[in-house]
Amino acid sequence: MGRFVVIEGPDGVGKTTVINGIKERLPKDLKSKFIREPGGSPLGEKIREILLNKALNVSPETEALLFAAMRSENYAILKKDLPNYDIIISDRFLPSSLAYQGAGLALGMENIEDINDFFLHGYRPDLTIYLMLNKNTGMERIKKVRDYDKFELRDNSFFSAVNMAYEKLSNYPNSVVIDASMSEEEVLDTVMKEINKLL
Ligand code: TYD
């Protein structure tokens, strides 16, 4: 049975760089698959377009349900795929909804957990790696390279709540926290050490 690993953390911590690094460093004989949220499946990619569309102003509850619908589809595929892979790695998963919709949009982390457990039935990844940075550093990194997307335009209190939620979530079982202020090389070395322990 393959392992399911999730890479998490607030915006701007360098998840994409880390994931590209993992792709390069995983042994070539290993059967691996990479997915991302929002997105991941054909329907999920369509939901991603809806979610990132600045012109569509959906209610917080609708937003939480759209993320959940996207994830439900990913989970259905994951269940089928896991026996055929050594490792499946997802860029974001349930903790993003708990932090952004549960805490950031103040819908309540328990409510978000409930709507996700409608399809997850308590399933959780084998390992969740949290890349953590001081909040402002992450947002400043993004500003240097591109305009903020719809989600990154939310106000400071939103991001403080998201960050606090991540601090809390990173203490849950099967979680590790990695200091994303280290050099790219050091971050990746640490991430690979954690992944290799699982394989
Ligand atoms: P994305 O563009 O993939 O950004 P990143 O590269 O930082 O992962 O994701 C878009 C935004 O979606 C991101 O700001 C986090 C947010 N998000 C939620 O609010 N809830 C969720 O459940 C997920 C998966 C993402």
Side-chain angles (χ1 to χ4, degrees), residues 4-23 34-41 43-54 56-75 77-78 88-120 123-125 128-133 135-166 169 180 187 191:
F4 181 47
V5 176
V6 170
I7 311 294
E8 271 289 354
D11 295 275
V13 290
K15 279 190 303 301
T16 310
T17 313
V18 166
I19 286 168
N20 289 337
I22 300 172
K23 280 182 192 162
F34 288 79
I35 57 177
R36 68 163 180 179
E37 290 199 354
S41 67
L43 175 71
E45 292 295 331
K46 289 216 179 331
I47 294 178
R48 178 188 173 90
E49 280 169 32
I50 295 171
L51 283 164
L52 289 173
N53 184 337
K54 287 182 181 155
L56 289 175
N57 237 330
V58 298
S59 79
E61 288 81 0
T62 306
E63 181 180 305
L65 289 165
L66 284 169
F67 276 113
M70 173 276 300
R71 184 163 306 118
S72 172
E73 200 59 16
N74 278 348
Y75 181 58
I77 298 170
L78 183 77
I88 298 181
I89 297 183
S90 185
D91 179 348
R92 298 188 179 281
F93 194 63
L94 174 62
S96 287
S97 287
L98 297 172
Y100 286 82
Q101 283 66 51
L105 293 182
L107 292 174
M109 303 226 278
E110 274 179 23
N111 291 330
I112 300 300
E113 196 157 24
D114 286 348
I115 60 169
N116 279 270
D117 270 329
F118 173 59
F119 54 89
L120 290 176
Y123 172 83
R124 296 293 180 268
T128 304
I129 297 176
Y130 289 89
L131 301 173
M132 302 290 272
L133 261 187
K135 176 183 60 143
N136 293 329
T137 326
M139 297 313 277
E140 279 157 20
R141 276 192 188 182
I142 292 177
K143 209 188 279 174
K144 278 194 207 143
V145 292
R146 59 169 169 82
D147 289 338
Y148 288 153
D149 70 24
K150 178 173 165 181
F151 289 95
E152 292 152 359
L153 284 167
R154 289 177 165 160
D155 63 18
N156 269 337
S157 61
F158 177 86
F159 288 108
S160 302
V162 168
N163 266 48
M164 275 168 57
Y166 270 123
L169 293 166
V187 171
V191 168

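Side-chain atoms are counted along with the backbone in the values below, which use heavy atoms only and exclude waters and symmetry mates. Numbering starts at 1 and runs along the sequence shown. Atoms within a ligand are numbered from 1 in the order they appear, just like the ligands themselves.
With hydrogens left out, the protein atom closest to atom 6 (O) of ligand 1 is Thr16 OG1, 4.2 Å, a heavy atom. Among protein heavy atoms, the minimum distance from atom 20 (N) of ligand 1 is reached at Gln101 OE1, 2.8 Å. Counting only heavy atoms of the protein, atom 7 (O) of ligand 1 lies nearest to Arg92 NH2, 3.1 Å. In this structure, the protein non-hydrogen atom closest to atom 25 (C) of ligand 1 is Phe67 CE2, 3.5 Å. From the protein, the heavy atom lying nearest to atom 9 (O) of ligand 1 is Pro38 CD, 3.6 Å. Here the heavy atom of the protein found nearest to atom 2 (O) of ligand 1 is Arg48 NH2, 3.1 Å. Counting only heavy atoms of the protein, atom 11 (C) of ligand 1 lies nearest to Phe151 CD1, 3.6 Å.
If you number the atoms of ligand 1 from 1 as listed, the ones under 4.0 Å from a heavy atom of Glu37 come out as 24 (C). Counting atoms of ligand 1 from 1 in the listed order, those under 4.0 Å from a heavy atom of Asp149 are 2 (O). The Asp11 neighbourhood of ligand 1 comprises atoms 7 (O), 13 (C), 14 (O), with distances under 4.0 Å to a heavy atom of that residue. Heavy-atom proximity to Ser97, at under 4.0 Å, picks out these atoms of ligand 1: 21 (C), 22 (O).
Contacts with ligand 1 closer than 4.0 Å are made by side-chain heavy atoms of Arg71 only, the backbone lying farther away. Contact annotation: for Arg36 versus ligand 1, there are no heavy atoms closer than 4.0 Å.
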Query raised in the report: Can you list the steps and then say if Arg141 with Glu152 is a salt bridge (charged side-chain N to carboxylate O under 4.0 Å, His left out)?
Result: CA-CA 12 Å; Arg141 276 192 188 182; Glu152 292 152 359; over 6 Å; no

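Ring pair Tyr75/Phe119 is tilted by interplanar angle, where 30° to 60° counts as tilted.
Put simply, the side chain of Leu105 reaches to within 4.5 Å of the side chain of Phe158, judged on heavy atoms.
Because its NZ or CZ atom is both nearer than 6.0 Å to the ring centre of Phe93 and within 45° of the ring axis, Arg71 counts as a cation-pi partner of that residue.
Ion pairing of Arg48 with Glu73 is absent here, as no side-chain N (NZ or NE/NH1/NH2) approaches a carboxylate O to less than 4.0 Å.
Aromatic rings of Tyr148 and Phe159 (six-membered ring for Trp) have centroids beyond the 6.0 Å cut-off, not under it.
A donor-acceptor contact shorter than 3.5 Å is absent between the side chain of Glu49 and the backbone of Lys46. Under a 3.5 Å cut-off, the side chain of Glu8 and the backbone N or O of Leu131 do not form any donor-acceptor pair.
Between Asp149 and Lys54, the closest heavy-atom pair is C-CE, 4.1 Å.
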